[in-house]
Structures are given as structure tokens and as C-alpha cells.
**Student:** 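Take this structure first; my questions come after.
Because the structure is a prediction, the values reported are computed rather than measured. Basis for what follows: all heavy atoms, side chains included, without hydrogens, waters or symmetry-related copies. Nothing fancy with the numbering, it's 1 onward along the sequence.
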Amino acid sequence: QVQLVESGGGLVQPGGSLILSCAASGSIFRLNVMGWYRQAPGNLRELVARTTSDGSTTYGDHVKGRFTASRDNAKNTVYLQTNSLKPEDTALYYCYAKGSTWAGGNDYDYWGQGTQVTVSS
């Protein structure tokens with residue numbers, strides 16, 4: 001099993017910044033994808049950013065140019081630098097990983113519990 005633990009959420013004013021972190025632990029062989037999704041009340045969960053083990057990153061349209069994802073493969077950790085935050089960025093941010101727990105094993109999806117980001121004056 002793989003556990004994901006997020007940190008770094010909180011309350012921030014419009015235009016502000018936050019750095020989210022997510023550390024993976026457990027029986028990890030390889031995490032091919034790590035990233036972030038978010039879900040606001042009444043909305044579907046949506047992509048924020050996802051990055052592959054070779055560093056290729058895809059961003060959701062709503063955050064392009066404002067958020068930057070990065071990962072430390074040695075630490076099995078993914079980060080999300082959020083800048084120029086807007087009230088509509090308010091959501092529960094979930095860490096996501098896709099990987100295997102042993103060589104030759106299938107890839108599975110893993111989710112964290114979420115960290116709340118609230119953008120308000």
C-alpha cells in the first residue's frame with residue numbers, strides 16, 4: 001500500500017501564494033505519476049497538475065501560468081507552488097499518485113486525504 005500525506009494548505013488573501021507538499025510512503029516500487037487535483041463544493045474533482053517521473057507536467061487550464069508542480073523522486077514527494085491565488089481557487093486539494101508496489105506489479109491510483117486552500121480577503 002501507498003500512503004499520501006499533504007501539507008501546506010490554509011487561508012490566504014487574493015493574490016497571495018502557498019506551497020503544498022505531498023509525501024508518499026509505504027511499499028513503493030515506482031511512482032510513475034504524482035500530482036494534484038482539487039474539488040470545490042458542488043463541483044467535480046478537476047486536474048490541477050500531474051507530473052511524470054521524467055519531469056513532464058500537465059496543468060489544468062484554470063491554473064496554467066500561476067501554479068508550478070515539481071517533484072523529488074528520491075523523496076517520493078511532490079510540491080505545488082501556487083501564485084496569484086484567486087477566490088475561485090478555493091477548494092480541497094488532493095494529492096494523487098499512480099504507481100506500483102513491486103517490480104512487474106500493476107499500477108494503481110492512490111489519493112491523499114486532501115488539504116484545504118481558502119482564498120479570501
Side-chain angles (χ1 to χ4, degrees):
Q1 274 290 1
V2 176
Q3 295 82 40
L4 303 176
V5 178
E6 304 103 332
S7 62
L11 173 64
V12 62
Q13 292 187 342
S17 300
L18 283 175
I19 299 176
L20 308 185
S21 301
C22 171
S25 62
S27 301
I28 300 169
F29 173 69
R30 181 173 53 235
L31 296 175
N32 294 310
V33 179
M34 294 191 77
W36 298 90
Y37 286 74
R38 69 185 185 186
Q39 187 168 19
N43 290 356
L44 297 175
R45 192 171 296 189
E46 64 178 12
L47 171 69
V48 177
R50 51 188 285 150
T51 179
T52 60
S53 55
D54 64 359
S56 175
T57 305
T58 301
Y59 294 95
D61 289 340
H62 297 295
V63 305
K64 285 180 180 177
R66 299 187 298 122
F67 292 9
T68 302
S70 60
R71 63 185 284 180
D72 184 332
N73 291 328
K75 295 182 178 180
N76 289 319
T77 299
V78 63
Y79 306 93
L80 185 69
Q81 172 72 53
T82 67
N83 297 324
S84 302
L85 284 162
K86 306 174 183 179
E88 50 264 44
D89 293 319
T90 296
L92 192 59
Y93 283 68
Y94 293 94
C95 181
Y96 164 80
K98 186 180 186 70
S100 57
T101 57
W102 59 281
N106 293 327
D107 281 354
Y108 290 95
D109 296 328
Y110 300 95
W111 294 92
Q113 294 296 309
T115 185
Q116 179 67 39
V117 172
T118 302
V119 184
S120 175
S121 56

**Student:** Kindly indicate, with the supporting measurements, whether the criterion side-chain contact (heavy atoms from CB on, under 4.5 Å) is fulfilled by His62 and Glu88.
**Tutor:** CA-CA 9 Å; His62 297 295; Glu88 50 264 44; over 6 Å; no

**Student:** Distance-only, no hydrogens or angles: does the Thr115 side chain make a donor-acceptor pair with backbone N or O of Ser7 under 3.5 Å?
**Tutor:**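 Answer holds: no.
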
**Student:** Using every non-hydrogen atom in the two residues, find where Leu4 and Ala97 come nearest and quote the distance to one decimal.
**Tutor:** CD1-N, 3.7 Å

**Student:** Taking the side chain as every heavy atom from C-beta outward, state whether Phe29 and Thr101 have any atom pair closer than 4.5 Å.
**Tutor:** no

**Student:** Under 3.5 Å, is there a donor-acceptor pair between the Ser56 and Asp54 side chains?
**Tutor:**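 No, because no side-chain N or O of Ser56 sits under 3.5 Å from a partner of the opposite role on Asp54.
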
**Student:** Taking all non-hydrogen atoms of both residues, which atom of Ser121 and which atom of Pro14 are closest, and how far apart?
**Tutor:**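 It is N-CD, 3.7 Å.
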
**Student:** Between Ser53 and Asn32, does any side-chain donor sit less than 3.5 Å from a side-chain acceptor?
**Tutor:**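 No.
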
**Student:** Classify the ring geometry between Phe67 and Tyr93 as parallel (under 30°), tilted (30 to 60°) or perpendicular (over 60°).
**Tutor:** tilted

**Student:** Is it true that a side-chain atom of Glu6 and a backbone atom of Gly114 form a donor plus acceptor pair closer than 3.5 Å?
**Tutor:** yes

**Student:** Answer yes or no: does atom CD of Gln113 have more than 12 heavy-atom neighbours from other residues, nucleotides or ligands under 6.0 Å?
**Tutor:** no

**Student:** Given side chains that start at C-beta, do those of Thr68 and Tyr79 come closer than 4.5 Å, heavy atoms only?
**Tutor:**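 With C-beta onward as the side chain, the pair stays apart.
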
**Student:** Got Val48 and Leu80 here, is their nearest side-chain heavy-atom distance under 4.5 Å?
**Tutor:**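 The answer is yes, as the side chains (C-beta and beyond) meet within the 4.5 Å cut-off.
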
**Student:** For the atom pair CG (Asn83) and CG (Asp89), what is the distance rounded to the nearest 0.5 Å?
**Tutor:** 10.5 Å

**Student:** When rounded to the nearest 0.5 angstrom, what distance separates OG in Ser100 from CD1 in Ile28?
**Tutor:** 10.0 Å

**Student:** Should Val78 and Cys95 count as side-chain neighbours, where that means a heavy-atom distance under 4.5 Å?
**Tutor:**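 Side chain of Val78 against side chain of Cys95, heavy atoms only: contact under 4.5 Å found.
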
**Student:** Step by step, would you call Val117 with Arg38 a side-chain contact (heavy atoms from CB on, under 4.5 Å)?
**Tutor:** CA-CA 9 Å; Val117 172; Arg38 69 185 185 186; over 6 Å; no

**Student:** Give me the atom names and distance for the closest heavy-atom approach of Ala40 to Ala91.
**Tutor:** N-CB, 3.9 Å

**Student:** Do Arg50 and Thr58 have side chains that get closer than 4.5 Å, going by heavy atoms?
**Tutor:**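 Yes - at least one pair of side-chain heavy atoms lies under 4.5 Å apart.
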
**Student:** What do the steps show when you test Ser120 against Leu11 for side-chain contact (heavy atoms from CB on, under 4.5 Å), and what is the final call?
**Tutor:** CA-CA 7 Å; Ser120 175; Leu11 173 64; 4.2 Å; yes

**Student:** To check you understand the geometry: which heavy-atom pair defines the closest contact between Arg71 and Thr52, and what is its length?
**Tutor:** NH1-C, 3.3 Å

**Student:** For a quick test of reading the model, state the closest non-hydrogen atom pair linking Thr57 to Ala69 and the distance between them.
**Tutor:** CG2-CB, 4.2 Å

**Student:** Does the side chain of Arg45 reach to within under 4.5 Å of the side chain of Tyr96, using non-hydrogen atoms?
**Tutor:** no

**Student:** I'd like to know if the side chain of Tyr110 reaches the main chain of Gln1, judged simply by a donor and an acceptor atom lying under 3.5 Å from each other, with no hydrogens or angles considered.
**Tutor:**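 Not a single qualifying donor-acceptor pair exists.
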
**Student:** Between Tyr94 and Leu31, is there shared hydrophobic-cluster membership here, with clusters defined by ILVMFWY side-chain heavy atoms closer than 4.5 Å?
**Tutor:**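 Different hydrophobic clusters.
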
**Student:** Going only through I, L, V, M, F, W and Y residues with side-chain contacts under 4.5 Å, is there a path from Leu20 to Met34?
**Tutor:** yes

**Student:** So, Thr90 side chain and Val119 main chain: donor-acceptor pair closer than 3.5 Å or not?
**Tutor:**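 Looks like yes, one N/O pair under 3.5 Å.
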
**Student:** Verify side-chain contact (heavy atoms from CB on, under 4.5 Å) between Leu85 and Gln13, making sure each step is shown before the conclusion.
**Tutor:** CA-CA 8 Å; Leu85 284 162; Gln13 292 187 342; over 6 Å; no

**Student:** What's the shortest heavy-atom distance between Lys75 and Thr77, and which atoms?
**Tutor:**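 So the two residues come closest at O-OG1, 3.0 Å.
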
